[in-house]
Amino acid sequence: MNTAPVFVSGNRPGALETARRRMGKFFRDNQVLGRRNAIGCVALEITQRCNLDCTLCYLSESSERVKDIPLAEVFRRLDGIAERFGAPTSVQITGGDPTLRRRDELAAIVRRARELGLLPTLMTNGIKATREMLVELAEAGLNDVAFHVDLTQERKGYATEEDLDAVRLEYIERARGLPIAVIFNTTVCRDNFDDIPRLVGFFRRHADVVGMASFQLQADTGRGVLRERDRVISLDSVRRKIAEGAGIAISWDTVLIGHPDCHRIGIALEANGNLYDLNDDPAFFNRFLTDFQHVMLDRRRPREAAASLVREALRRPLWIARAVAFFAPKIWKMRSDLLASRGRVHKLSFFVQNFMDASALDPERIHACSFMVMTDNGPISMCAHNARREEFILRPLAVETPEGRAIWNPLSGAMLPVVNS
């Protein structure tokens with residue numbers, strides 16, 4: 001039984017206006033920030049510990065020595081996200097690997113996020129994310145699980161990305177049938193760049209469970225041993241590789257999320273193993289973004305999300321005509337695959353993240369950031385946070401305890417009471 005708290009929706013007054021001002025010249029007709037959302041997502045790091053040692057890792061050399069921040073401070077940061085950005089805001093519960101945190105605390109964090117109207121995503125390498133754990137977290141209100149699997153993790157016994165498909169298949173089966181959306185993250189480096197089309201083919205074949213494939217470009221930041229990105233890897237080259245595997249031209253420029261040099265998203269429909277570009281009409285998308293920005297689309301329940309859109313469209317007769325004009329040619333084009341799949345259609349999105357090197361941060365991109373980390377002093381750009389991680393994770397924290405205000409030491413985990421003079 002799903003006992004997730006009731007979801008409360010509604011952007012915080014002024015949050016969208018703040019986002020519009022922050023976007024500046026990048027607030028265009030297709031800009032999501034400032035219209036539908038005040039921010040793309042906010043990372044909430046609940047541990048610095050990890051059970052892998054990746055060749056590309058944004059953690060710092062001191063991360064493994066840092067204790068898990070107190071649960072009260074995690075809750076305070078969640079409250080801060082809701083207060084600043086409102087609902088629905090996507091929150092990446094991450095680390096390190098968050099599954100290394102006490103399981104009852106992890107469930108409590110997910111539940112608290114959902115109670116605040118936030119959309120919690122579990123970011124994990126999947127090693128400890130058992131079916132039992134995913135069931136519990138789904139009941140607590142988990143929205144998505146993002147499994148990170150690739151060669152940079154150097155998992156023993158898996159020499160190629162194709163070998164790692166066995167791990168991906170295991171994770172797909174763990175999540176199958178649960179009311180959570182499934183995402184796969186891949187860090188792109190020279191060793192797996194040429195394998196991107198094959199990976200996309202894998203996700204195509206499993207689009208009945210996998211709703212998004214995210215490709216994160218190598219960045220020279222953190223403690224990883226791989227440093228400078230190979231010149232063959234770029235936002236454009238990775239997009240071309242994804243399109244090659246998709247077998248279609250993907251409309252990457254229809255949707256803008258933050259700065260155009262940071263992220264790109266392509267959205268496709270899958271039927272009978274074949275993909276069809278969904279975002280090939282920018283004018284349609286821009287009108288949709290404006291007119292339906294208030295409609296909550298729950299990725300966990302695509303049928304209910306579609307029903308919500310239909311109900312809203314029925315209140316706007318002009319949109320019925322627009323929808324027919326938009327979808328009718330697509331349905332006709334897909335007709336053979338729709339027959340073969342008995343009408344089963346799945347959405348598969350491709351996301352490309354172009355993180356910056358720690359030594360080459362672009363102030364304009366930092367200012368227009370759509371992916372932030374929540375710290376004790378508020379949100380900061382993910383790239384800026386990773387470049388200065390030790391400043392944040394080694395800083396003692398003032399926390400509230402049942403006995404009063406105290407200072408928490410991140411290296412010892414000890415609490416030092418604050419004595420009022």
Side-chain angles (χ1 to χ4, degrees), residues 15-16 18-45 56 58 81 84-85 89-92 94 121 123 146 148 183 185-189 193 196 212-222 228-243 250-267 279 282 285 289 349-375 378-389:
L16 292 179
T18 299
R20 287 193 288 270
R21 290 197 304 268
R22 192 165 62 84
M23 288 304 101
K25 65 182 181 181
F26 301 115
F27 186 68
R28 305 165 184 168
D29 289 344
N30 63 339
Q31 176 64 254
V32 172
L33 302 195
R35 283 198 172 84
R36 186 169 185 84
N37 301 95
I39 191 69
C41 65
V42 182
L44 179 72
E45 297 188 344
L56 284 169
Y58 56 78
I81 294 171
R84 180 178 293 260
F85 299 112
T89 294
S90 293
V91 175
Q92 294 189 354
T94 183
T121 299
M123 309 294 291
H148 190 172
I183 302 165
N185 290 335
T186 303
T187 300
V188 178
C189 61
F193 173 76
I196 291 174
M212 177 181 287
S214 177
F215 294 86
Q216 304 164 2
L217 277 59
Q218 174 180 348
D220 186 357
T221 191
E228 184 178 359
R229 180 189 299 176
D230 191 293
R231 282 183 289 182
V232 74
I233 300 172
S234 68
L235 199 59
D236 287 339
S237 67
V238 171
R239 291 192 306 181
R240 288 194 297 270
K241 285 289 187 181
I242 293 172
I250 297 177
S251 300
W252 294 105
D253 298 323
T254 299
V255 183
L256 184 59
I257 308 173
H259 195 286
D261 290 343
C262 294
H263 312 294
R264 278 292 189 270
I265 187 169
I267 305 175
N279 268 7
F285 171 79
L289 191 62
S349 300
F350 300 103
F351 198 65
V352 184
Q353 297 185 335
N354 183 27
F355 292 118
M356 290 183 280
D357 294 342
S359 61
L361 299 180
D362 180 345
E364 184 179 71
R365 291 174 63 182
I366 295 295
H367 183 72
C369 181
S370 65
F371 184 9
M372 295 188 175
V373 181
M374 194 64 178
T375 73
I380 183 174
S381 160
M382 168 64 85
C383 291
H385 182 272
N386 287 343
R388 300 162 41 208
R389 174 171 293 272

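Side-chain atoms are counted along with the backbone in the values below, which use heavy atoms only and exclude waters and symmetry mates.
Under 4.0 Å is where a charged nitrogen must lie from a carboxylate oxygen, and between R239 and D253 at least one such pair does.
Side-chain atoms of Q31 never come within 3.5 Å of backbone atoms of M23 as a donor-acceptor pair (strictly under, hydrogens ignored). Put simply, the side chain of R264 never gets that close to the backbone of N354: no donor and acceptor are under 3.5 Å apart. Here the side chain of R229 pairs a donor or acceptor atom with the backbone of Q218 at under 3.5 angstrom. With hydrogens and angles disregarded, a donor-acceptor distance shorter than 3.5 Å links the side chain of T375 to the backbone of G378.
Side-chain contact check for N37 versus T89: every heavy-atom pair is 4.5 Å or farther apart. Counting heavy atoms from C-beta on, the side chains of V373 and V42 never come closer than 4.5 Å. In this structure, the side chains of I267 and F285 stay at 4.5 Å or more apart for every pair of heavy atoms. Side-chain contact between F193 and D230 is absent, with no heavy atoms from C-beta onward closer than 4.5 Å. You'll find the side chain of R36 reaches within 4.5 Å of the side chain of L289, heavy atoms only. Between F350 and W252 the shortest side-chain heavy-atom distance falls below 4.5 Å. Between F215 and I242, the closest side-chain pair of non-hydrogen atoms falls below 4.5 Å. F351 is listed as a side-chain neighbour of M212, based on a closest heavy-atom distance under 4.5 Å.
Closest heavy-atom contact between A146 and N185: CB-ND2, 3.8 Å. A pairwise comparison of heavy atoms in L235 and P260 identifies CD2-O, 3.8 Å as the closest pair. Nearest heavy atoms, F371 versus C41: CD1-SG, 3.3 Å. Across T254 and S251, no two heavy atoms sit closer than the pair OG1-CB, 3.5 Å. Minimum heavy-atom separation, R20 to G34: NH1-O, 2.6 Å. Closest approach of I233 and V188 over heavy atoms only: CD1-O, 4.0 Å.
In this structure, the separation between CD1 on I265 and CD on Q353 is 10.0 Å, given to the nearest 0.5 Å. How far OG of S237 is from CD1 of I196: 7.0 Å, rounded to the nearest 0.5 Å. To the nearest 0.5 angstrom, L56 atom CG is 12.0 Å from F355 atom CZ. Here the OH atom belonging to Y58 is positioned 9.5 Å from the OG1 atom belonging to T187, to the nearest 0.5 angstrom. Expressed to the nearest 0.5 Å, how far CG of L44 lies from CD of Q92 amounts to 10.5 Å. Between M382 atom CE and I366 atom CD1 the span is 11.5 Å, to the nearest 0.5 Å.
Checking S381 against H367 by side-chain atom types alone, no donor-acceptor pair falls below 3.5 Å. In the model, R35 has no side-chain atom that pairs as donor or acceptor with a side-chain atom of N30 under 3.5 Å.
In terms of the side chain to side chain donor-acceptor pair (under 3.5 Å) criterion, residue partners of H263 (sequence neighbours excluded) are, by chain and number, S370. Shown here are the side chain to side chain donor-acceptor pair (under 3.5 Å) partners of D220, two or more places apart in sequence or in another chain: R227. With sequence neighbours excluded, the residues forming a side chain to side chain donor-acceptor pair (under 3.5 Å) with R389 are E45, Q48, N386, listed by chain and number. Residues forming a side chain to side chain contact (heavy atoms under 4.5 Å, CB included) with T18 (at least two apart in sequence, or on another chain): R21. Qualifying side chain to side chain contact (heavy atoms under 4.5 Å, CB included) partners for A243, counting only residues two or more places apart in sequence or in other chains: I250.
Applying the salt bridge (Lys or Arg N to Asp or Glu O under 4.0 Å) definition to pairs two or more places apart or across chains, those involving residues 356-371 are K25-E364.
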